[in-house]
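Computed from heavy atoms alone, side chains included, the values below leave out hydrogens, waters and symmetry copies. Just so it is clear: chains get the letters A, B, ... in the order the sequence lines come, proteins before strands, and each one is counted from 1.
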Amino acid sequence: MTKLYNDPTDFREELIEGFVAAYGRFVRRVPGASGVMALGAPWPGKVALVIGGGSGHYPAFCGYVGPGLAAAAVMGNVFAAPSAEQIYRVTKAVASDAGVLYCYGNYSGDVLNFDMAELRCQEEGIDVRTVRVTDDVASAPRGQEDERRGIAGDFFVFKIAGAAAARGDSLDEVERLARKANARTRSFGVAFGGCTLPGQSAPLFTVEPGRMELGLGVHGEPGVQSSHMRSAREIADLLLDALLAEAPSDAGATVAVLLNGLGATQYEEMFVLYKDVHRRLLAEGLSPYKPIVNEMVTSLDMAGCSLTLCWLDAELTPLLDAPCASPAYINC
Amino acid sequence: MTKLYNDPTDFREELIEGFVAAYGRFVRRVPGASGVMALGAPWPGKVALVIGGGSGHYPAFCGYVGPGLAAAAVMGNVFAAPSAEQIYRVTKAVASDAGVLYCYGNYSGDVLNFDMAELRCQEEGIDVRTVRVTDDVASAPRGQEDERRGIAGDFFVFKIAGAAAARGDSLDEVERLARKANARTRSFGVAFGGCTLPGQSAPLFTVEPGRMELGLGVHGEPGVQSSHMRSAREIADLLLDALLAEAPSDAGATVAVLLNGLGATQYEEMFVLYKDVHRRLLAEGLSPYKPIVNEMVTSLDMAGCSLTLCWLDAELTPLLDAPCASPAYINC
Amino acid sequence: MGSSEIAGAVVRRWLALALEVITAHEEELGRLDAAAGDGDHGATMVRGLRAANVAVEKTSDGAGRLLIEAGAAFSDAGGASGALIGALLSSVGRALGEGPYDAATVTKALQAGLSMVMRLGKAQPGDKTLIDALKPFVDALAAQPADQSLMAAWRAALPAAQAGAAATREMVARRGRSAKLGERSLGHPDPGATSLVYLLQAMEAALTEECA
Amino acid sequence: MGSSEIAGAVVRRWLALALEVITAHEEELGRLDAAAGDGDHGATMVRGLRAANVAVEKTSDGAGRLLIEAGAAFSDAGGASGALIGALLSSVGRALGEGPYDAATVTKALQAGLSMVMRLGKAQPGDKTLIDALKPFVDALAAQPADQSLMAAWRAALPAAQAGAAATREMVARRGRSAKLGERSLGHPDPGATSLVYLLQAMEAALTEECA
Ligand SMILES: Nc1ncnc2c1ncn2[C@@H]1O[C@H](COP(=O)(O)OP(=O)(O)O)[C@@H](O)[C@H]1O
Ligand SMILES: Nc1ncnc2c1ncn2[C@@H]1O[C@H](COP(=O)(O)OP(=O)(O)O)[C@@H](O)[C@H]1O
Ligand SMILES: [Mg+2]
Ligand SMILES: [Mg+2]
Ligand SMILES: [Mg+2]
Ligand SMILES: [Mg+2]
């Protein structure tokens, strides 16, 4: 439940102010817009990665702005996509001659607004491309991969696209790599309790004791299915069964792994679960690459977690490993 | 509420296994003990910083093991100090000829067990010193600073001690600097809801709607006082009033700031609160140095947060800025 | 007062009434959205209408221009409904232009708005969106006898919007956030269709007040 | 069976019964600890007793040795009570040595244990800790007539422990986790004192069973 606020109406504005005050060593506010840009951006000659979405997902999205990652993040109100106008303004602030890549989770509101902004930028001669993250296997069946929503897989796609942009890759190339990263990234999650929007007193959904939700969203949406509660070991198997069935046809043995907490789930629990995830991966002959067990894309104070696999190859691994420095993720 | 586990009795063991599986690129298990040590430790000629405490506080303690930070962390069961035997074994694994510094939050169980281990190590000729973190101003009045418990201030004291050790400072010097960091670090917190131990179904305490607890602990202890709920602005003032009254007599204008989430409090809320904290600090003529708004010392899934100030000087600042690499905190 | 001034006053009054009714139903709209979506529909609509009201406060323009300004301001509420309702208002405003503000012109303008929203959102009738309230309404408006007043035609068309919104209860979402939850959206009316009916009702009240 | 074997059997039986009764009261002890502490006292005691039971399973040693082993194993439960109860057991075991296991020797051993716990934990009577149950018990034991059997003396001293534990309800904690919460600890008995009474009661039962 959201407890710390002044006026819920000002929540986004105060959050942006506080974020910029805290992390002014990485980012600054985009003048006149609901968004933040990396210090030193725009970066001439480099593709600008612009990410964004509703608030309530920190570290996504503003936590991932900085060298080696995104040039800017557009910040909507809690769970509401930013408007096309705001996206447009943020894009203008960081666009370079090398072009712009929009990267965000695939949700109707985000698609509508980013698409409108893209159109407007293109009319002005800015080359903007879009790669939507569609990692959540629970949200649409195979064959309809493009319909799926984006959840924690955002992180891998942003990281890889950001590294390619920082390296100086062309817009075509950054777009191709982001698309490839997305195509090789799959997530599936479970939820144990809903989250509460600022100013409201009841959570978006509740989970009965002894039950859990499968296939959660990162906007407080309940899962696509309800189930009885299971042990960590069973949950590890359930998550991996769903993901391994989706391994790309040319998948190698190396997978980047993210066990992502949604907000209220304890780190300790996640390590217990990770133990069973790791064992199962090894048993499947897979080699977990630099696993991350952390909160990388949250849903306010929702209880639950998701597992993301990104099947790596010789092209993606160095991009994942490339240095970056942002408020929420540093690699060196 | 803890949802992910197999047998609650095995919780610590599975958590250690999962942690080491995930972050094997930073740490390895201390053979035959409940603890982890940095890859490459023991570091010859360098003081070994050994931290520890009960589990349930991740990233404290195991998340802070690595070069530039702790040589090892001893991991107790959830909210239970590790036993003297485990502390002893972990110490033996990382002790170098330069000696060992124990650093942990000041709680009866930790003091008892670390002291017993220290005695035993000293009998074996290992030079062990101890600096207990006592940052929580709510837990004992002025004049009884040594009685206070350690909460999020752990982070600054560990970071400074770890950097001094990595630099090659003598044990005397590392101890002195850790003690100085502790003396200049103060925290105060508020809680909005209790946490639930693994295998239990009820939280350790509950907070009535419309109320909050002042002076929380990081072990699910309720606050020392109950109050009506306040706005973010009022809470910022309340926290800072308590801390600023404790400024060291020789305090300069530069303060390191940590706004620490206890587990279930949303990052977005913390940024809203930070906005008001930052304004007030500036209004007081203080200059916030590289603020951190994050979960650095948690209390399972407790809702609440604490504010920590560490009054810096020319000696402490470079240590805070020194590079380090651990599962939960990287600086470069 | 000329017809253009009346029309401007109607738009202003409509936005004020719409904000009132949507604010009164903010929690209900949030709950409907929470059933299979993310619970923010009430908050987004309130935000959009607040901004729209502010935007038209400082100008004395005609109805068309006012709607364009209101739409731009509404869009900034973000989310799917910010984009769609914002685009609806602006496109109706553009089609309306300088008037006349009779039933036929307004109907044509609403048809333009409807097709803009369908083009943008790519939703079809039956997808459980605000289209399921908007399209029946626009169709019913177009089916009214040519000589009716706008107020009478509007009143006569309203039940079609209400019936359309009610029917969304039995539909499975195929567009927007709820789409991913498929079956789970069954049994709850679509929040966007529900709020659209409130908007249309507020316009009836505004027409009644201002044209009486 | 010699006295040494009987004594060993009593210790084993005691540990088994103690585990039973503490497990049955694990939640209650957790709740008492949660009132002003961290809620883990029940879990820690269960963990310690489980380990102690395992430790004595594989040996046929005398009571003194068994208690030393049990204490070492118990310590590993961690926390304040792991350290203190572990040290208590080991130090009683060391003082007991090879026996004889009469009331006088056992009383002396318990006095040794009590002072070890007080030295380690630095708590005084009235600080609201397990000392407030342990010290009255040891004092009462020492006050029994010299010719009584251990069982009779133990039984006679028990009420002092119970009264001591009950009295902690009105004390303000000055040691351990609850100390920081001062007044908030008022009105709840100390969890450590409460569990200590269960341990002493289990010993009475073990003595009754094994010496009957
Ligand atoms: N693609 C679309 N086409 C038409 N209407 C849509 C579309 N996507 C969403 N909607 C409408 O928007 C409503 C949800 O609005 P809101 O909750 O404010 O936005 P969001 O889905 O971004 O959270 C839905 O109930 C539906 O009526
Ligand atoms: N310094 C001390 N001296 C004596 N007894 C203590 C001391 N500290 C704690 N205790 C006892 O330990 C009990 C708490 O045990 P437990 O909850 O297992 O450990 P922790 O306090 O480490 O969580 C208290 O109720 C008290 O009786
Ligand atoms: Mg939304
Ligand atoms: Mg404890
Ligand atoms: Mg919504
Ligand atoms: Mg305790």
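Using a 4.5 Å cut-off between heavy atoms, A:Val78 touches chain C through its backbone atoms (N, CA, C, O) alone. In this structure, chain A has no heavy atom under 4.5 Å from any part of C:Ala43. A:Leu204 touches chain C through backbone and side chain together, each having a heavy atom under 4.5 Å away. Contact annotation for C:Ala36: only backbone heavy atoms (N, CA, C, O) come within less than 4.5 Å of a heavy atom of chain A. Proximity to chain A (any heavy atom under 4.5 Å) is shown, for C:Arg31, by neither the backbone nor the side chain. Looking at A:Ser226, both its backbone and its side chain come within 4.5 Å of chain C, counting heavy atoms on both sides. Residue contact with chain A, scored on non-hydrogen atoms closer than 4.5 Å, involves the backbone of C:Ala35 exclusively.
With respect to chain A, the highest number of heavy-atom pairs below 4.5 Å among C:Ala87, C:Ala77, C:Gly86, C:Gly37 belongs to C:Gly37.
The environment of A:Glu208 atom CD is sparse: at most 12 non-hydrogen atoms of other residues, nucleotides or ligands sit within 6.0 angstrom. In this structure, A:Gln122 places its CD atom where more than 12 heavy-atom neighbours from other residues, nucleotides or ligands lie under 6.0 Å away. Within a 6.0 Å sphere centred on CD of A:Glu124, other residues, nucleotides and ligands contribute more than 12 heavy atoms.
Shown here for A:Ala80 and C:Gly78, the closest heavy-atom pair between the two residues is CB-C, 4.4 Å.
Between A:Met116 and C:Leu120, the closest side-chain pair of non-hydrogen atoms falls below 4.5 Å. Side-chain contact check for C:Asp40 versus A:Asn77: every heavy-atom pair is 4.5 Å or farther apart.
For the atom pair CZ (C:Arg47) and OG1 (A:Thr9), the distance works out to 9.0 Å, reported to the nearest 0.5 Å. Here C:Asp38 contributes atom CG and A:Phe205 contributes atom CZ; the two are 12.0 Å apart, rounded to the nearest 0.5 Å.
Not a single donor-acceptor pair under 3.5 Å links the side chain of A:Asn113 to the backbone N or O of C:Ala80.
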